[in-house]
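Here is the naming used below: chain letters follow the sequence lines, and residue numbers restart at 1 for every chain.
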Amino acid sequence: MSSRIEILNDGGYRSDGRRQYELRDITIDLTPQGTADGSASITHGLTQVSVSIFGPREAKQRSQTLHDRAILNVEVNVLPFSTGDRRRRGRSDRRILELAASIKSTFEPVVQTSLYPRSQIDIFVSVLQQDGGLLQACINATTLALASAGVPMFDFVCAVSGGVHSAAPLLDLTTLEENDLPHVTVAVMPRTKKVTLVTLETRLHVDRFADIFRLACDAGQTIHAEMRRAVKERTRTLVAAMGAGPRAGPGEHMDRDVVMDDTIIDY
Amino acid sequence: MATVTISKAERSYIQTSLQAKPPLRADGRALLDYRTVLLETGVAPLANGSAKLNIGKTSGEGGGGTEILAATKLEVEDIENGEGVEGGRISCSVTCSPSAYPHISSNALDDLQYDYTTILQQTLSHPTLHPPNLGILPKKRSWLLSLDLVVVSDSGNVFDALFMAARAALWDTKVPRTRPVQYRANPSGRSSGDNMQVDQENDQETTSGFDTRQMAATAADFELPDYWDEGETLGGREKWPVCVTLNILPPVHFLDANVHEEASVPLRLLLAFSFPPNSSANLQAMRLLGPGELDLAQMKSLIAYGQKYAKDLFTALEVKLREEDTRRNVKARTRFAAR
């Protein structure tokens, strides 16, 4: 099956018509879902993930709480119709637990958990469609959802996957490419230029790794720009909606609102 | 079943206002009013049929409402060696997203989704509703239709929403066309290269290996002919039931309760009706939930009321589904023409 698919053809195009370093379409939706405190859904091409955040709140199980910081509780739910062949994965499926653990360890150093001692932040991830780059989509959606829930973080976390075909590095792999290539997922904090996650499940030559790693870090910046734009856009509509409604407070708050508006546009 | 807990005072407040004259509900609805129902079909590209349904989304930007995602997927099953059943089978499953019930533990969540799954499975896989076109090859292959529903968020009236979403997804389901094929050894027994030039007379006596005209029980396998659409709709799709939940707080009953109202009524009656074309309505399922009790005469009148409400719901849903059909088929046709 895989031998029929040309990962990168002579013209430098990939199986879905992208160039080597081209990312797939990113769509970000930050409208609230259900009763969640914050939610976001992101699509990278045909991969679609939606994340809801609850908390910081009192933990369901008191025994798990920590006295000096909040704990992150990540639950991943892969919908049975998200892949080509229907397969039910339970909550205790190894791949899902691993995915949840990666998300948790990525965000533990980024979320300012010490602000909320003895509490819990729930991150519920549901995978609606998958076509490669699942972890990257989960991480990006979680960042956005945490931001929309107003959970303080040190920085955005922007993840992107990359692979190497013979000697050519590729970014943002689809399932077809993931099946054939060694691939790595890198999550960067764009402002501080720190890396919070690197996963590599297959073998890759060290020299090639340096290449793809540097490239993925750059791609993280691009994704960050996209995510920041979405968050700003969302905030702008919220501010506009606040201005449109009848004012609840007395008149002197008017000034502050205008200033707030300005700062957002200048940001 | 308690997905939300409310205080005694809240409960009595809600009960008193429901029993007041005229009855009052928190969102200003009358007793028999539904919240806005939003429905879209064809939301999951990898499924054979899918639908997304929301009851009571707050207008504008807000979230909220009971949201269900439903999708069907068809798989081929082997009847001789596998689990397949002659004429195909249906299997339903309901998954509750933890974000729909953020306060209950994962074990309670499992119990809840098991409850939902049981009711849907028992109702929808009933032989009277079985679609006629789920068989592929008699005694050999059949389709397994798996219907997966996901409760994305819950703000009351999940059962009605589940059944509506299931009906929409099943309505939307396209069964791929299949053509039985039969392999037959070449009677001449020659398999060398000069076999390539086949003349007309010869062809008439030895029929082609791909002759499907006598698609008898001898067919060994099937193929999927290429066709512009994804297949034909599921047979008898008009029959899929709709469910109405009567929330009973004697002497009144009301429809489409939100979570708080659900928690404050002593009894809920689930009625799933199917309205096959050109015949009378069938009651496909009935459940009484809650600690309250009801005498038989009341029950009879409630079923009659339920049928009336279900008919209204059914008609409205039918109109919407046909509209969705047109919308998507027109879209598909223009896309096809634009190529």
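The local environment of CD in B:E83 is sparse, with at most 12 non-hydrogen atoms from other residues, nucleotides or ligands closer than 6.0 Å. In A:D25, the CG atom is not crowded: 12 or fewer heavy atoms of neighbouring residues, nucleotides or ligands sit closer than 6.0 Å. Applying the 6.0 Å contact sphere to OH of B:Y34 captures more than 12 heavy atoms from other residues, nucleotides or ligands. The number of heavy atoms from other shown groups lying within 6.0 Å of NE2 (B:H260) does not exceed 12.
Heavy-atom distances place no part of B:V152 under 4.5 Å from chain A, backbone and side chain included. Proximity to chain A (any heavy atom under 4.5 Å) is shown, for B:E67, by neither the backbone nor the side chain. Proximity to chain A (any heavy atom under 4.5 Å) is restricted, for B:T95, to the side chain, taken from C-beta onward. Neither the backbone nor the side chain of A:S50 has a heavy atom closer than 4.5 Å to any heavy atom of chain B.
A distance of 12.5 Å separates CD1 in A:I123 from OG in B:S99, rounded to the nearest 0.5 Å. Rounded to the nearest 0.5 Å, atoms CG (A:L79) and CG (B:L46) are 11.5 Å apart.
Heavy-atom pairs under 4.5 Å with chain A were tallied for B:A71, B:P102, B:A47; the largest tally goes to B:P102. Most heavy-atom pairs under 4.5 Å with chain B: of the set A:L128, A:D122, A:T83, A:L46, this distinction falls to A:T83.
Counting heavy atoms from C-beta on, the side chains of B:V150 and A:F81 come closer than 4.5 Å. By the 4.5 Å heavy-atom criterion applied to side chains, A:Q129 and B:P45 are counted as neighbours.
For residues 51-67 of chain A, heavy-atom neighbours of chain B at less than 4.5 Å comprise A:S52, A:F54, A:R57, A:K60, sorted by residue number.
The shortest heavy-atom contact between A:N77 and B:S97 is ND2-CA, 4.0 Å.
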